[in-house]
Amino acid sequence: MARRLAARGDAVGAARALVSAARAGSAVAMRDLAEVLQRGQGVLPDPAAALRWNTAAAEAGDAEAQSRLAALYANGVGKPPGEEDDRPRDAFYLPQDLAVARIWAEKAARQGHVEAQVLLGWLLSRRSGDDGDPQAAADWYRRAADAGSHAAKVGLALILASGDLGEPDPVGALRLHEEAAAVGNPTALYYMAMAYLTGQGADRDPERGLLALRRSADAQVVAAQRALGVMYMRGQDVVADGAAAETWLRRAALRGDVESMALLGDLHAGRQARSPSDIEAAQWYQGAADRGHAGSQMALGLAYIAGRGLPKDPFEAVRWFGKAAESGFAPANFRLGLCHLGGEGVPQDYARAGHYFRLAGEAGHADSLYNLGVLHYHGYGLEKSEEQAMLLYCQAAERGSASAQFRIGRAHATGSGLPHDPGAALKWTRLAAEQGHIPGQVNLARMLLGAGDGYVVEAREWLSKAAAAGSGEAMSTMAELIASNDGPEAVEEALSWARRAAEAGDPRAPQVVETLQARAFQGIVR
């Protein structure tokens, strides 16, 4: 009767008939009543009542109801009270509970419900958590795949590719993805595309991979849309195209993909978008930051510090750095250390700065280790200890800090704090210079000049780089190099370099100018 009434368009009558049948014990009616209550067809929407009737149908043995109940617990419904200011206090909320989801999925799966078998495969796989059972997951995926489920083939392929059953089997995984993709499964198209783009399971074939990736993206697979955006953003296997990158990333972001929101922020901040905008960059960072993306929280803090797309507000910057730091994001702890070091948005506090530098340093952040060493070297907020400072400088230098590499190079060159070792001094100073450290480039040039005439050309190249970056010290050294190596006719060129150094504020430059002027003088002393 309920179905006949629904077919006539009488949703209210159909709902009343379902209530009667459900109360009389019909499991099918309970399940259908739950759907009616969920959608609000002929009755007011009532997700709590829908859950109760769906549970009753599941307990009565209805496989479809068991499968639906498993899906509800696997995904959860709504958010806890208080997380949204504008939501009613009595809004329906069902917390995610994978253990309960497994119980109901298995009940339906054992009755041959294919969708439940696929869900159970996922719930038992490592993708749902570290306590998965990959072998059992693969078994359920195989049963569903044998029943014709292409989604099950995708799930089984991911297990094979991951190596959860032993050695990774990218060839077998690709074969399953291709079978599912052949009938248009969008997710399988995405994984097949990535296999051809990366050469996992087959020879690398960018053309075929891009074709599949576009098909998947057009079918609204968010990961495919994001991947295409990144490829156009970075010029990977396609010509770099900021407009195309923005188009694909925006599609994914508008469907709630947090990583795409962050990438759109990067696209605008990096001036790669069709119409770059600091304001739009900040808006996308805000969207991702509100959803817990640590990198975007950091970027939002930097935008507040610099006033890029947002009003300058160091206090708000510190708040966002703090949020990013709460998730263990080392660069955010580093920025908090800098804020406390300079009193930006917080009171100046060297000890507090050291605390944040130590947290970031423990996570391997090289410049934090270097700054911690500086605090120890000078005794600012921490115990004054040259030995501890040098130890931290060495750790930071090994992890790639250019400032630390420069310090280590200078210490080895002078024998102050570390053994005198010209070879080590040259090695570390060169590493700093290659990273663009300007004083390191000047010191490297001086070391090369001291090593003999065979290094004059390279020394000149390093001084040119440092001078182009505005280093007055490099300009003075260049003036001396030219005067010493290019002959009397080059004195005017050397003098020009020395005058530029003086304008750049190098304290040694006036003396170099005076010396070169005396050398260039050809008049009569009266």
Side-chain angles (χ1 to χ4, degrees), residues 71 74-75 114-115 118-119 121-122 125-128 137 141 144-145 148-162 164 168-264 266-267 272-274 284 287-288 291 293:
N75 296 306
V114 176
E115 287 80 4
V118 176
L119 176 58
W122 181 81
S125 74
R126 292 268 167 80
R127 296 178 71 209
S128 69
Y141 277 141
S149 171
H150 298 292
K153 292 179 182 178
V154 173
L156 180 58
L158 294 176
I159 290 179
L160 294 177
S162 69
D164 283 343
D169 182 7
V171 174
L174 178 57
R175 184 176 63 253
L176 287 167
H177 285 315
E178 287 176 329
E179 289 177 9
V183 295
N185 183 286
T187 306
L189 280 166
Y190 166 71
Y191 285 113
M192 184 179 79
M194 299 311 293
Y196 280 112
L197 288 169
T198 60
Q200 296 291 317
D203 292 337
R204 192 169 181 277
D205 189 340
E207 184 177 351
R208 188 173 178 182
L210 276 168
L211 180 63
L213 193 62
R214 287 194 176 95
R215 288 178 60 197
S216 180
D218 286 336
Q220 306 304 318
V221 173
V222 168
Q225 293 171 336
R226 185 200 317 126
L228 269 177
V230 170
M231 290 173 73
Y232 279 111
M233 187 175 177
R234 298 176 182 170
Q236 296 174 336
D237 292 319
V238 292
V239 176
D241 185 336
E246 186 174 4
T247 296
W248 286 112
L249 289 174
R250 188 181 293 273
R251 288 187 187 183
L254 291 175
R255 297 189 67 220
D257 187 60
V258 177
E259 189 62 34
S260 292
M261 295 177 192
L263 287 166
L264 278 167
D266 293 343
L267 196 72
Q272 293 175 272
R274 181 186 295 107
W284 285 115
R291 291 162 176 80
H293 190 278

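For the numbers below, each heavy atom of this structure counts, side chains included, while hydrogens, waters and symmetry mates do not.
Residues Asn185 and Lys153 are not in side-chain contact: their nearest non-hydrogen atoms beyond the backbone lie 4.5 Å or more apart. Counting heavy atoms from C-beta on, the side chains of Val221 and Leu189 never come closer than 4.5 Å. At a threshold of 4.5 Å between non-hydrogen side-chain atoms, the residues Leu174 and Val171 do not count as touching. Side-chain contact check for Gln220 versus Arg255: some heavy-atom pair is nearer than 4.5 Å. Inter-residue side-chain proximity for Glu115 and Leu119 is flagged as unmet; no heavy-atom pair is nearer than 4.5 Å.
In terms of modelled atom types and a separation under 3.5 Å, the side chain of Arg204 and the main chain of Tyr196 share no donor-acceptor contact. Without hydrogens or angle criteria, Glu246 side chain to Arg274 main chain gives a donor-acceptor distance under 3.5 Å. Of the possible polar contacts, one joining the Gln225 side chain to the Ala217 backbone as a donor-acceptor pair under 3.5 Å is found. Not a single donor-acceptor pair under 3.5 Å links the side chain of Gln236 to the backbone N or O of Val230. Panel note: side chain Ser216, backbone Leu213; no donor-acceptor pair is recorded below 3.5 Å. Between the side chain of Thr247 and the backbone N or O of Ala243 there is at least one donor-acceptor pair closer than 3.5 Å. Not a single donor-acceptor pair under 3.5 Å links the side chain of Arg215 to the backbone N or O of Leu211.
The line from CZ of Arg127 to CG of Asp164 is 10.5 Å long, rounded to the nearest 0.5 Å. Interatomic distance, Met261 CE to His293 NE2, rounded to the nearest 0.5 Å: 10.5 Å. To the nearest 0.5 Å, atom CG of residue Asp205 and atom CE of residue Met192 are 10.0 Å apart. The line from CG of Asp241 to CG of Leu228 is 11.5 Å long, rounded to the nearest 0.5 Å. A distance of 9.5 Å separates CD1 of Ile159 from CZ of Arg126, quoted to the nearest 0.5 Å. The distance from the CG atom of Asp169 to the OG atom of Ser162 is 10.5 Å, given to the nearest 0.5 Å.
A pairwise comparison of heavy atoms in Ala188 and Val154 identifies CB-CG2, 3.7 Å as the closest pair. Heavy atoms only, all atoms of each residue included: Ala157 and Ala173 are closest at O-CB, 3.3 Å. Looking at every heavy atom in both residues, Ala212 comes nearest to Ala193 through CB-CB, 3.7 Å. Nearest heavy atom pair, residue Ala161 against residue Pro168, reads O-CB, 3.5 Å. Taking every heavy atom of both residues into account, Ala227 and Tyr190 meet most closely at CB-CE1, 4.4 Å. Contact record, Val239 with Tyr232: O-CD2, 3.7 Å, taken as the closest heavy-atom pair.
In the displayed structure, Arg250 atom CZ is contacted under 6.0 Å by more than 12 heavy atoms of other residues, nucleotides or ligands.
Judged by distance alone, the side chains of Glu179 and His150 never bring a donor and an acceptor atom under 3.5 Å apart.
Leu249 pairs with exactly one of Asp266, Leu264, Asp257 by the side chain to side chain contact (heavy atoms under 4.5 Å, CB included) rule, that one being Leu264.
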